[in-house]
Number of protein chains: 2
Amino acid sequence: MSSTTETRASVTVSDLARDSGVSASAVRFYEDSGLITAERTPGNQRRFTPGDACRIKVIRVAQRVGLSVHDIKTLLELLPETGEPTIEQWSALQKALVQETNKRVRELNLVLADLSSDTKLCALTPLT
Amino acid sequence: MSSTTETRASVTVSDLARDSGVSASAVRFYEDSGLITAERTPGNQRRFTPGDACRIKVIRVAQRVGLSVHDIKTLLELLPETGEPTIEQWSALQKALVQETNKRVRELNLVLADLSSDTKLCALTPLT
DNA sequence: GTTTGACTTCAACTTATGTTGAAGTTTTAG
DNA sequence: CTAAAACTTCAACATAAGTTGAAGTCAAAC
C-alpha cells in the first residue's frame, strides 16, 4: 500500500529549476533562505521532491503580489515542513495570498483617490 | 507685473526635506538622480524653489504606485525643466500616473485570477 | 575506471534606494 | 569677527534578491 508516486527526494537542482521556471542559483538561494528544503545525497548534492516545483510556483505568484522572500517564508509556514500539503493547507495558503493581493489593490486604490483629489497631488497654483 | 510669488531659488535642502516629507539625504539623492534640480549659492550650497516640494510629493506618490526612480525621471519629463508647470502639464502627469496605477491593478487582478483557477497555483493532487 | 557534465561552497558583484559618517566649507546670528 | 549650525562631497554601509565565477567534488555513461 505504499504510494506509487515517489515523493522522496529525486529531483536535482537543475531539474527543479527547469520544472519551476527559475534559475538554479535561485533554487539554491531559496533553499538558503529557508523557502524550500532538500535532502542530500551521500555526496552532499541536493535532492528535492517533485512537489517542490509547486512550492516554487507559489513563491513566484507571491512575488507577483509584491511579497518579499521574508514574507513568503512566513506564508509558507501554512504548508507542512515535510511531505505533501493537504487540500486544506493549499486552500489556506491561497486564501492568504488572495488577501494580500486585495490589500495591495486597496493601496493602489488609495493612490488613485489621492491622484483624483488634485490638490493632494500637489496644491496647484490657484487660478487667479 | 513681475510675479509676487518668488519662485527663485531660496529653499535649502533641509527646508525642502521638511516641506516634502523626505530626508535631506533623499533630497540630495533625488538631485543626483536628476529628479529635481537646484541652483547653487556662490558658496556651492543647493537652493531649491518652493515648487520643488511639489515635485517631491509627486515622486512619493509615484513610488507608492511602484515606479522606480528611473521610471519617475521619465515621468517627470512631462513637466518643464525650469519654472512652474502649467495646469495642463500637471494634468498630463496625473493622467500618466493614473494609467500606471491602473496597470498595476490589472496585474494584481491577473494574479487573483490565477489564484482562483486553482490548478494554476499548482496542480493539486487530483482527489482520488 | 576515467571522462564529462552536474553539483558543491563561498566570496564577490549587481541594481535599487537610500543612510551614515568623516573631513572640510558656508552661512547666519550675535 | 567668530562660533555654531547647516552645508558640501565622497566613500562606505545597508537590505533585497539574486548572479557569477573559482576551485574543488560527485554522478553517470561508456
Side-chain angles (χ1 to χ4, degrees), chain A residues 6 8-49 52-53 55-76 100 104 107, chain B residues 6 8-49 52-53 55-76 100 104 111:
Chain A
E6 194 53 32
R8 284 302 158 202
S10 57
V11 181
T12 66
V13 166
S14 49
D15 286 343
L16 182 55
R18 179 180 22 73
D19 295 352
S20 63
V22 303
S23 67
S25 69
V27 168
R28 295 196 186 92
F29 174 73
Y30 294 149
E31 196 210 6
D32 289 348
S33 304
L35 300 188
I36 54 181
T37 57
E39 293 184 5
R40 295 291 178 136
T41 64
N44 196 40
Q45 294 194 358
R46 293 172 182 82
R47 288 298 180 268
F48 299 92
T49 63
D52 286 325
R55 233 176 135 94
I56 294 190
K57 283 176 187 168
V58 169
I59 293 169
R60 281 158 55 82
V61 171
Q63 286 181 325
R64 286 169 65 198
V65 177
L67 298 178
S68 67
V69 163
H70 182 80
D71 293 341
I72 296 172
K73 188 179 175 183
T74 301
L75 251 191
L76 288 175
E100 278 301 331
R104 310 281 158 156
E107 286 165 3
Chain B
E6 195 53 32
R8 282 303 158 203
S10 58
V11 180
T12 67
V13 166
S14 49
D15 286 343
L16 182 55
R18 177 179 25 71
D19 295 349
S20 63
V22 303
S23 66
S25 68
V27 168
R28 295 194 186 93
F29 173 74
Y30 294 150
E31 195 211 6
D32 289 347
S33 304
L35 299 189
I36 54 180
T37 56
E39 294 185 6
R40 296 291 179 137
T41 63
N44 196 39
Q45 294 194 359
R46 294 173 182 81
R47 287 299 180 268
F48 299 93
T49 63
D52 285 323
R55 235 177 133 95
I56 293 190
K57 285 176 186 168
V58 169
I59 291 169
R60 281 158 54 83
V61 171
Q63 285 180 326
R64 287 168 66 200
V65 177
L67 298 179
S68 68
V69 164
H70 182 80
D71 293 341
I72 297 173
K73 187 178 177 186
T74 301
L75 250 192
L76 288 175
E100 278 300 332
R104 310 278 157 161
V111 172

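Just so we're on the same page: letters track the sequence lines, and every chain starts at 1.
- The NE2-P distance, from B:His70 to C:dA16, rounds to 8 Å in whole Å.
- Looking at heavy atoms from C-beta onward, B:Arg46 lies in side-chain contact with B:Arg40 at the 4.5 angstrom threshold.
- Of the candidate nucleotides C:dT27, C:dT17, C:dT9, C:dT27 has the atom lying nearest to any side-chain atom of B:Arg47.
- Remark on DNA chain D: of its neighbouring residues A:Gln45 and A:Phe29, the 5'-side contact belongs to A:Phe29, judged by nearest-heavy-atom nucleotide.
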Report task. Give the C-alpha distance, both sets of side-chain angles, the deciding distance and a yes or no for side-chain contact (heavy atoms from CB on, under 4.5 Å) between B:Leu75 and B:Val58. Result -> CA-CA 10 Å; B:Leu75 250 192; B:Val58 169; 5.8 Å; no

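- Put simply, B:Arg46 has a side-chain N or O that comes within less than 4.0 Å of OP1 or OP2 on D:dT8.
- In terms of phosphate contacts, A:Ser23 brings no side-chain nitrogen or oxygen within less than 4.0 Å of OP1 or OP2 of D:dG18.
- Here the nucleotide nearest the side chain of A:Val13, chosen from D:dG18, C:dT8, C:dT20, is C:dT8.
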Report task. Let me see the working for B:Ile59 and B:Leu67 under side-chain contact (heavy atoms from CB on, under 4.5 Å), right down to the final yes or no. Result -> CA-CA 9 Å; B:Ile59 291 169; B:Leu67 298 179; over 6 Å; no

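- For the pair B:Glu31 CD and C:dT17 P, the computed distance is 17 Å after rounding to whole Å.
- Comparing B:Gly43 and B:Leu67 along DNA chain C, the residue whose closest nucleotide (by nearest heavy atom) sits nearer the 5' end is B:Leu67.
- In this structure, the side chains of A:Leu35 and A:Arg55 stay at 4.5 Å or more apart for every pair of heavy atoms.
- In this structure, A:Ile56 places its CD1 atom 10 Å from P of D:dG18, rounding to the nearest Å.
- When distances are taken from the side chain of A:Thr41 to each of C:dA16, C:dT19, D:dA27, the shortest belongs to D:dA27.
- At D:dA17, none of the side-chain N or O atoms of A:Tyr30 fall inside 4.0 Å of OP1 or OP2 (strictly under the cut-off).
- Under 4.0 angstrom from either OP1 or OP2 of C:dT17 there lies no side-chain N or O belonging to B:Ser33.
- Under the side chain to side chain contact (heavy atoms under 4.5 Å, CB included) test applied with A:Phe48, the options A:Asp15, A:Val13, A:Thr12 reduce to a single match, A:Val13.
- B:Ile56 places a side-chain heavy atom less than 4.5 Å from the side chain of B:Arg60.
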Query - Intermediate values then yes/no, side-chain contact (heavy atoms from CB on, under 4.5 Å), B:His70 and B:Lys73 - result: CA-CA 5 Å; B:His70 182 80; B:Lys73 187 178 177 186; 5.6 Å; no

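- Between A:Arg40 atom CZ and D:dC26 atom P the separation is 13 Å, expressed in whole Å.
- Looking only at atom types and distance, the side chain of A:Thr74 has no donor-acceptor partner in the side chain of A:Asp71 under 3.5 Å away.
- Base engagement by B:Ser25 is indicated by at least one non-hydrogen atom pair under 4.0 Å involving a base atom.
- C:dT9 atom C1' lies 10 Å from atom CG of A:Asp32, rounded to whole Å.
- Among the nucleotides D:dA6, C:dT19, C:dC7, the one closest to any side-chain atom of A:Thr12 is C:dC7.
- Atom CG of A:Asp15 and atom C1' of D:dA27 are 13 Å apart (whole Å).
- Remark: C1' of D:dT9 and CG of B:Asn44 are 9 Å apart, rounded to the nearest angstrom.
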Restricting to nitrogen or oxygen on both sides, can you table the protein-nucleotides 21-24 of chain C pairs closer than 3.5 Å?
none

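- Of the candidates D:dG18, C:dG18, D:dT9, the closest approach to any side-chain atom of B:Val69 belongs to C:dG18.
- Of the two residues near DNA chain C, B:Ala26 and A:Ser14, the one whose nearest nucleotide lies more 5' is A:Ser14.
- Atom CD of B:Gln63 and atom C1' of C:dT17 are 8 Å apart (whole Å).
- The phosphate of C:dT9 (OP1 or OP2) has no side-chain N or O of A:Arg28 nearer than 4.0 angstrom.
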